[in-house]
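Per chain, numbering begins at 1; letters A, B, ... match sequence-line order. Side-chain atoms are counted along with the backbone in the values below, which use heavy atoms only and exclude waters and symmetry mates.
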2 protein chains.
Amino acid sequence: MGPAIYAIPLCGGTTAPRQLLSFEERRKLSHIALIRRFEAGAFLFRETEQATEIFNIVAGVVKTTTTLADGRQSTVAFFFNHDLLGMFEAGYYSQTAEALTSVTTYSFPIDSLVPLLRKDPDLQFHFFSKVLDELRVAQRQALVLGRFGAAQRIALFLDLLDRHPEMHRSGGPSISIPMDRSDIADYVGLTVESVSRTLQRLHRAGIIYLDGRHAFEIRDRVALDRLIGGTVAADDQTLFPAL
Amino acid sequence: MGPAIYAIPLCGGTTAPRQLLSFEERRKLSHIALIRRFEAGAFLFRETEQATEIFNIVAGVVKTTTTLADGRQSTVAFFFNHDLLGMFEAGYYSQTAEALTSVTTYSFPIDSLVPLLRKDPDLQFHFFSKVLDELRVAQRQALVLGRFGAAQRIALFLDLLDRHPEMHRSGGPSISIPMDRSDIADYVGLTVESVSRTLQRLHRAGIIYLDGRHAFEIRDRVALDRLIGGTVAADDQTLFPAL
DNA sequence: CGGAATCTTGATACTGGTCAACTAGAGTGG
DNA sequence: CCACTCTAGTTGACCAGTATCAAGATTCCG
């Protein structure tokens, strides 16, 4: 079918993400694209490596991380179907990308992609829109990490998974969690222990149902949304009778 | 002199930010640009307004904020000289922009700018690079808010000001702080009280010198860098004898 | 079935938030 | 020019939430 980029369009009236590329654009991109597959745990690229390609995910989940000065790894973002990753700076990748599941991607060699974008302003505009989309996500993430408590952070994270149709297991209510607790912890800025505690608390409160380590269901959408809205104080006894 | 965009170039070998626009591009942009001035406290635009123009700052400082579900305002970013702001989504501004000082900008009407970008891929590529730059800043901000303590956050914020030459008062070591404590607090994800306490602590530790409310000097660059590096534990007695 | 991760749970410490009082500056009007 | 006032900022005491440290429980995988 060819590469695909989902994002909220810049100018179109919609607030809902949609496919940005026209049939013709997808064909053009196919032309320079390679299909590449990665096993779970494999690296798509590492930070400080010279940037050679940009990836468009077709299946699977990828996380990107940066190494802090003290050696800790910090998860920057998760990438799902129809996302673009491999944005670079001064010719070098600024993050490390690791496959969390087995992953299928289109790979655009930068040497082919950049000329294509410079020649085709409309196509470039769609890449541009996708990056703006990522910018908003990153800004929202900063906001969440700066001001929200553990329950809200976890709720937002679960909502992120819920929003991705490919995380829903075959029609049922079960949503898969492709990453392990420490990935989640790195992403939401908590410790593994706090992630675990918070998940269990939401589980015991009946808001979610934890189905093993790598799946969950949303049992009380309203309560979850209230948490995400940021309206609920931590001492809300209705939500956290077990506190 | 015309509009100017500073950022780390995508492909060039440099990691240092530099002017991205060619003389010719600046001329083209001048052609569609209006000069607009704002008093301190004035709004350049408000969230949910229809997006009509994009701004390029020539002088002054702007903050952008979003309103949370519970009514709190949260500062998303500060914009300085040669920055671009007014990025939008689905035709509407997603943030509110307020002048912190008196501000001079070039204003590009979107109706003129978008066609120009669609016609001129190289120019668009420079806007693209600037947005990628902002994306990295936002991701770094998320990282900082998620993992660092108060001292590190404040140190990073002071470093941000230091990096902007126009914040340095006439050659001297004094750096101006154009925003008030609550803006800082909103930005770094702390309360006003914690910002105050942390600034005073850095002051008493001799790392910075607070010169009134709206200026400071860096007295111990090495210690500040160590904080920023994230290497220093909060209990480091060399840095915080007063703890 | 056994060993090794991963995850959960509990006890305690510490950072930063909250609430409240106090101080310093900036502006105002007599 | 000097009180007066009002806002912004600082400081202190106390508390809540999360990190940390330390076991235990599960799950995964050979």
Side-chain angles (χ1 to χ4, degrees), chain A residues 39-41 70 72 74 100-101 144-155 157 176-205 208-216 227 230 232-237 239-240 242-243, chain B residues 40-41 70 72-74 100 144-155 157 177-204 208 210-216 227 230 232-237 239-240 242-243:
Chain A
E39 293 301 308
D70 59 5
R72 283 183 299 180
S74 183
L100 292 175
T101 63
V144 168
L145 294 183
R147 305 180 122 294
F148 292 165
Q152 295 177 321
R153 296 186 195 192
I154 294 296
F157 169 74
S176 83
I177 305 175
M179 55 293 282
D180 59 25
R181 296 289 184 271
S182 69
D183 289 322
I184 301 173
D186 272 357
Y187 182 63
V188 301
L190 297 169
T191 57
V192 181
E193 294 93 326
S194 289
V195 170
S196 186
R197 269 189 258 273
T198 308
L199 281 172
Q200 299 301 328
R201 226 163 58 201
L202 293 173
H203 175 76
R204 283 195 295 271
I208 62 171
Y209 173 76
L210 284 171
D211 177 15
R213 292 173 172 186
H214 293 293
F216 76 104
L227 268 176
V232 175
D235 56 39
D236 186 322
Q237 289 305 313
L239 280 173
F240 295 110
L243 242 182
Chain B
D70 59 6
R72 283 183 299 179
Q73 292 283 117
S74 183
L100 292 174
V144 167
L145 294 183
R147 304 180 121 303
F148 291 165
Q152 295 177 322
R153 296 186 195 192
I154 293 295
F157 169 75
I177 306 175
M179 54 293 283
D180 60 25
R181 296 288 184 271
S182 68
D183 289 323
I184 301 174
D186 273 356
Y187 182 62
V188 301
L190 297 169
T191 57
V192 181
E193 293 94 327
S194 289
V195 170
S196 186
R197 268 188 261 272
T198 308
L199 281 171
Q200 299 301 327
R201 225 164 60 201
L202 293 172
H203 176 75
R204 282 195 295 271
I208 62 171
L210 284 172
D211 177 15
R213 295 174 171 185
H214 293 292
F216 76 104
L227 268 177
V232 174
D235 56 39
D236 187 322
Q237 290 304 312
L239 280 173
F240 295 111
L243 243 182

A.B. asks: Leu202(A) has an atom CG; how far is it from atom P of dT8(C), in whole Å?
C.D. replies: 12 Å
A.B. asks: Identify the heavy atoms of Gly212(B) and Arg181(B) that sit nearest to each other, and give their distance.
C.D. replies: O-NH2, 4.4 Å
A.B. asks: Over how many whole Å does the gap from Leu199(A) atom CG to dT6(C) atom P extend?
C.D. replies: 17 Å
A.B. asks: Write down the distance between CZ (Arg147(B)) and C1' (dA19(D)), rounded to a whole number of angstrom.
C.D. replies: 12 Å
A.B. asks: How many angstroms lie between atom CG of Asp186(B) and atom CG of Asp180(B), to the nearest 0.5 angstrom?
C.D. replies: 9.0 Å
A.B. asks: Would you check if Leu145(B) and Arg153(B) make a side-chain contact, meaning some heavy-atom pair closer than 4.5 Å?
C.D. replies: yes
A.B. asks: What is the minimum heavy-atom distance between Ala151(A) and Thr198(A), and which atoms define it?
C.D. replies: CA-CG2, 3.6 Å
A.B. asks: Taking atom P of dG9(D) as reference, at what distance in whole Å does atom CZ of Phe216(B) sit?
C.D. replies: 15 Å
A.B. asks: When the distance from CD1 of Ile154(B) to P of dG9(D) is rounded to whole Å, what number comes out?
C.D. replies: 13 Å
A.B. asks: I'd like to know whether Ile154(A) forms a side-chain contact (heavy atoms from CB on, under 4.5 Å) with Arg201(A), so could you lay out the CA-CA distance, the side-chain angles of the two residues, the decisive distance to 0.1 Å, and finally the verdict.
C.D. replies: CA-CA 11 Å; Ile154(A) 294 296; Arg201(A) 226 163 58 201; over 6 Å; no
A.B. asks: Looking at dT8(C), dG17(C), dT11(D), which one has an atom nearest to any side-chain atom of Ser194(B)?
C.D. replies: dG17(C)
A.B. asks: Using 0.5 Å steps for rounding, measure from the CG atom of Leu202(A) to the CZ atom of Arg197(A).
C.D. replies: 14.0 Å
A.B. asks: Given atom NE2 of His214(A) and atom P of dC28(D), what is their separation to the nearest angstrom?
C.D. replies: 7 Å
A.B. asks: Compute the bend angle of the helix from dC1(C)-dG30(D) to dG30(C)-dC1(D) from the end axes (five pairs per end), rounded to 10°.
C.D. replies: 40°
A.B. asks: Roughly how many Å is it from CG in Leu190(B) to P in dT15(C), rounded to a whole number?
C.D. replies: 14 Å
A.B. asks: So, is Thr191(A) near the phosphate of dT18(D), with a side-chain N or O under 4.0 Å from OP1 or OP2?
C.D. replies: no
A.B. asks: What's the shortest heavy-atom distance between Gln73(B) and Arg147(A), and which atoms?
C.D. replies: O-NH2, 3.5 Å
A.B. asks: Pick base, sugar-phosphate or nothing for Gly212(A), based on heavy-atom distances below 4.0 Å to the nucleic acid.
C.D. replies: nothing
A.B. asks: How long is the line joining CZ of Arg153(B) and P of dT15(C), in whole Å?
C.D. replies: 14 Å
A.B. asks: Please enumerate all residues that pass side-chain hydrogen bond (donor to acceptor under 3.5 Å, both in side chains) together with Arg213(B), with sequence neighbours excluded.
C.D. replies: none
A.B. asks: Regarding dG10(C), can its base be found pairing with the side chain of Arg197(A) as donor and acceptor, where the two atoms are less than 3.5 Å apart?
C.D. replies: yes
A.B. asks: Going by number, which of residues 179-187 of chain B have a non-hydrogen atom under 4.0 Å from DNA chain C?
C.D. replies: none
A.B. asks: Quick one: closest heavy-atom pair of His203(A) and Leu210(A), and the distance?
C.D. replies: ND1-N, 3.0 Å
A.B. asks: At under 4.0 Å, does any side-chain N or O of Ser196(A) touch on OP1 or OP2 of dC7(C)?
C.D. replies: no
A.B. asks: On DNA chain C, nearest-nucleotide positions of Glu193(B) versus Arg213(B): which is more 5'?
C.D. replies: Glu193(B)
